[in-house]
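A short worksheet on the structure shown next.
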Amino acid sequence: MASKNQTPRLDRTQVVDTALRLLNEVGLDRLSLRLIAGELEVKAPALYWHFRDKRELLDEMATEMYRRMTAGGDEPSGPAAGDWRGRLTATARGLRAGLLSWRDGARVFSGTRFTGDEHGPGLEAQLAALTAAGFTLAQAATTSTALFTYVLGFVTEEQGMITYADDPRPAFDIAERERRLAATPLAAEAGPLVFGDYDARFTEGVALLVTGAGARYGVA
């Protein structure tokens, strides 16, 4: 039996759970192994038994985020999800919703490497649906990747406009932007179109990608 002064044994799950909770509280920039260790009431070196550095921890965090995002299954749903266009659209919407459920979720996902294989079946099903519709495997992979990176980039920008209570930056001021860009009237007028109504702009962007893929590869 461990004594009162003995540090409780940590496992990777405890570290990742704590990291994800702190991510929502403080954001990615302030998340550190030292902060996580303090929350777990251990010294920072104790975490290095499980993760060599923050990058390795982020890989596991992204993997766990994906597991939770797809806990109910990773097959896209909706009235139009049956055809390839509807499938891609539903997939993009589901990914965006999942990323938005975490503070800085898109930034955590960007550039990380999944540590598990849970994403394999969903990707396999999507590539199978696209190739069955007439895409070559290369075209299907390119289309899937383009959509994935679009969602990541869009949500990264979207979340970058969110002002949190602990954020030292002031809220983004579209009117001030318009005043600064008065010498370039079209750029100034585009402000509300570029930074407003994220739902509508996301939907339009996905439609452009999906329609463009069909046109470029000649798939009806």
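For clarity, every value in this text was computed on a predicted model and none was experimentally measured.
Using a 4.5 Å cut-off on side-chain heavy atoms (C-beta onward), Thr142 and Tyr217 make contact. Proximity of Leu193 to Arg201: side-chain heavy atoms (C-beta onward) are nowhere separated by under 4.5 Å. Put simply, the side chain of Glu25 does not reach to within 4.5 Å of the side chain of Asp166, judged on heavy atoms. Within the 4.5 Å cutoff, the side chain of Leu58 has heavy atoms near those of the Leu28 side chain. Looking at heavy atoms from C-beta onward, Arg180 lies out of side-chain contact with Asp173 at the 4.5 angstrom threshold. In this structure, the side chains of Leu20 and Val16 come closer than 4.5 Å at one or more pairs of heavy atoms.
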Residues 128-136, side-chain donor-acceptor partners within the protein, below 3.5 Å, at least two apart:
{"from": "Thr131", "atom 1": "OG1", "to": "Leu127", "atom 2": "O", "distance (Å)": "2.9"}
{"from": "Thr131", "atom 1": "OG1", "to": "Ala128", "atom 2": "O", "distance (Å)": "3.1"}
{"from": "Thr136", "atom 1": "OG1", "to": "Gln139", "atom 2": "N", "distance (Å)": "3.1"}

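When the side-chain contact (heavy atoms from CB on, under 4.5 Å) test is applied to Asp117, no partner is found at least two apart in sequence or on another chain. When the side-chain contact (heavy atoms from CB on, under 4.5 Å) test is applied to Arg34, the partners found at least two apart in sequence or on another chain are Ser32. Qualifying side-chain contact (heavy atoms from CB on, under 4.5 Å) partners for Leu181, counting only residues two or more places apart in sequence or in other chains: Arg177, Thr184, Ala187, Ala188. Residues passing the side-chain contact (heavy atoms from CB on, under 4.5 Å) test with Thr18, sequence neighbours excluded: Arg21, Leu22, Ile36, Glu39, Leu40.
Of the possible donor and acceptor atoms, none in the side chain of Asp59 sits under 3.5 Å from a partner among the backbone N and O of Thr112. The main-chain N or O of Ala200 is found under 3.5 Å from a side-chain atom of Asp197 such that the two form a donor-acceptor pair.
Taking CZ of Phe51 as the reference point, atom CG of Leu33 lies at 9.0 Å (rounded to 0.5 Å). The CG atom of Leu31 lies 5.0 Å from the CE atom of Met61; values are rounded to the nearest 0.5 Å. In this structure, the separation between CG on Asp104 and OH on Tyr164 is 6.0 Å, given to the nearest 0.5 Å.
Nearest heavy atoms, Ala106 versus Leu152: CB-O, 3.7 Å. Residue Ala37 comes nearest to Lys43 through the heavy atom pair CB-C, 3.9 Å, listed as atom of the first residue, atom of the second, then distance. Closest heavy-atom contact between Gly116 and His119: O-CE1, 3.4 Å.
Using a 4.0 Å cut-off between a side-chain N of Lys or Arg and a carboxylate O of Asp or Glu, Arg68 and Glu118 do not qualify as a salt bridge. Using a cutoff of 4.0 Å between basic side-chain nitrogens and carboxylate oxygens, Asp53 and Arg55 are not scored as salt-bridged.
Residue pairs meeting the side chain to side chain donor-acceptor pair (under 3.5 Å) criterion with at least one member in residues 147-163, sequence neighbours excluded: Arg96-Glu158.
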